[in-house]
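Here's the structure, in structure tokens; my notes come after.
Because the structure is predicted, anything quoted here is derived from the model rather than measured. To find a chain, count down the sequence lines: A is the first, B the second, and so on, and within it residues start at 1.
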Protein chains: 2
Amino acid sequence: MKSDKTGLAANRRLAQARPQLELTPIAEASGVPLYRQVKRALIKLIESGRYAPADCLPSESAIASGLQVSIGTLRKAVDELVLENVLIRRQGKGTFVVMHNNSRFLFQFFHVEKRDQDLSQEHPYPAVECVSFERARATAEEASALGIGLGDPVFRVGNRLKLSGLPVVYDRLAISALTFKGLTEKQFVERSSTVYHLYQCDYGITVLRAHDRARAVSASHDVCRILGLRPGTPVLEVHRIAMTFGDKPVEYRVSTINTQHHDYVSLLSKRI
Amino acid sequence: MKSDKTGLAANRRLAQARPQLELTPIAEASGVPLYRQVKRALIKLIESGRYAPADCLPSESAIASGLQVSIGTLRKAVDELVLENVLIRRQGKGTFVVMHNNSRFLFQFFHVEKRDQDLSQEHPYPAVECVSFERARATAEEASALGIGLGDPVFRVGNRLKLSGLPVVYDRLAISALTFKGLTEKQFVERSSTVYHLYQCDYGITVLRAHDRARAVSASHDVCRILGLRPGTPVLEVHRIAMTFGDKPVEYRVSTINTQHHDYVSLLSKRI
DNA sequence: AAGTGGTCTAGACCACTAG
DNA sequence: TAGTGGTCTAGACCACTTC
């Protein structure tokens, strides 16, 4: 542990009045900064479901005293979790666990935009239609992306996304059937919002980050049919691995985008 | 101003012993948090060239006392500038203004990667060949992207990038000739590293962020010639606006990427 | 008025770098 | 050994939200 700074160790020894919640004092950990340990403790509470999406955490002073750290240290841990899109602060109200609602999804994970669009304009929510659903065995590509074994059971789901009524994106996603036990086509067909919301609400899995790899290809027969394109049209194919805590892969998705009137956008180094 | 917290205002009134450097006490600014004002002051010192790329800033305690703020407030300002890729901290050594060396460029702005490459592997630096250079008048597209007038003078530069000896990317960039007065073809042909390094060292302009818009198109005649492709091959076209402080556009670049063996990669929400 | 997060200060000690 | 950034604490007050 960090040891004897400003009487920290002494404080710890005295603390026998068990604090509220699961906020027990941080265990010793050599070399690791205290605020990192606090961060891990908070992540555990969220991963375990003790604090669910959209829940309000206890106040900063309550958490700090519960974990027996100073409020500055607690704030530094929360700062990082806010930057990592795990928590959201709302002044005067509290600190909340992130929730994958539609606007959040749009902002963080949906990067298809109409070309020549003035920036002031709102982008519309994409309308999603589920076009296929199957239970199958993982291909080598899927197994590698999801970190599972070749032939392990997966769900494969095909979705068509329309923007302003026109089909623009064809998504095919694969998720482990072991992680998402008992998933049904109905859940995909009937959901009113992003699948990340479904993962989070029905399975407690929060998608935090993703890796995209984009390339240009000729539209396949299937893609042409689903997006209404002429054979051989150049389309953008994005391979995405979506990840949760600890960079554990959750979903592998291949999106085919008709880029005749839309772009795949990306910000290099976001503004603060 | 923030007013009478812990005797802050009183401290200010006393301070007449002019501190070293241009680190004069922060002027009053209603409502704006002090650390934001500190941040602006630091940005100004960097923009003005008082601290050049790769320079070491004065120590945190020196800056804090110079600006008459607490060290915690100064650190918060520096924290943000580090996140925005303006400053770099090196424990034990000091805080430095960023320098666009090759490895930094690669990490932050060059997002083309070989497919099926094991992650542990280093990517090689792209070898750049300047294939064209001209002084011209801005098209509507260039003018809009660069925030200049239609017909204003620009430099247009074409570069071919090779990876492992094979041509993969064809870049065409446009920059304002008013901003980059006196630029010569020689500078582009002879430089040994990224153009962002050139902008920074020769013109004091630091590229901090960029917006990319990617789409799939059929390779044009020119592109086929330069990248050695068959006519009609689908290629990825990335339109980039590179920006400096205050999101001022500096460069507009169209990159055409042969994605037969490479991908354009993008991270959604970076890890901390 | 009470409770929350946001800002600011002051000062201590730790970890790393370099002469 | 001296100087730098990194961590941690303690406590004050501000701004916002809700009742």
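- Rounded to an integer number of Å, the gap from A:E60 CD to C:dT4 P is 10 Å.
- Note: CD (A:Q37) to P (D:dC8) measures 8 Å, nearest angstrom.
- Taking every side-chain heavy atom of B:S70 into account, C:dA10 is the closest of C:dA10, D:dT7, D:dG6.
- Between B:Y196 and B:F109, the ring planes are perpendicular. Angles over 60° get that label, and only those under 30° would be called parallel.
- Applying the salt bridge (Lys or Arg N to Asp or Glu O under 4.0 Å) rule to pairs touching residues 53-65 of chain A yields A:E60-A:R75, A:E60-A:R89, sequence neighbours excluded.
- Taking atom CD1 on A:I71 and atom C1' on C:dT7, their separation rounds to 12 Å, with Å as the unit.
- Comparing C:dT9, D:dT9, D:dT7 against the side chain of B:R75 picks out D:dT7 as the nearest.
- Of the candidates D:dC8, C:dC8, C:dG5, the closest approach to any side-chain atom of A:P33 belongs to D:dC8.
- Judged by distance alone, the side chains of A:Y35 and A:D79 never bring a donor and an acceptor atom under 3.5 Å apart.
- At a threshold of 4.0 angstrom between heavy atoms, the contacts of A:T95 are confined to the sugar-phosphate backbone, with no base atom among them.
- Following rounding to the nearest Å, B:R89 (CZ) and C:dT17 (P) show an atom-to-atom distance of 16 Å.
- When the nucleotides D:dA15, D:dT9, D:dG5 are ranked by their closest atom to the side chain of A:Q91, D:dA15 comes out on top.
- Ring geometry, B:F180 versus B:Y203: the interplanar angle exceeds 60°, so the pair is classed perpendicular (tilted spans 30 to 60°).
- The CD-P distance, from A:Q68 to D:dA10, rounds to 11 Å in whole Å.
- Neither OP1 nor OP2 of D:dC16 sits under 4.0 Å from any side-chain N or O of A:K93.
- Rounded to an integer number of Å, the gap from B:I63 CD1 to D:dT4 C1' is 12 Å.
- Rounded to whole Å, the distance from CZ on A:R36 to P on D:dC8 is 10 Å.
- If you check C:dG11 for Watson-Crick or wobble pairing at under 3.5 angstrom, you find it paired to D:dC8.
- Atom NZ in B:K76 sits roughly 18 Å away from atom C1' in D:dG5 (whole-Å rounding).
- Side-chain proximity of A:S59 to C:dG5, D:dG5, C:dT9: nearest is C:dG5.
- Neither OP1 nor OP2 of C:dG3 sits under 4.0 Å from any side-chain N or O of A:S61.
- In terms of position on DNA chain D, the residue among A:G92 and A:L74 whose nearest nucleotide sits closer to the 5' end is A:L74.
- Aromatic ring centroids of A:F105 and A:Y125 lie 6.0 Å or more apart.
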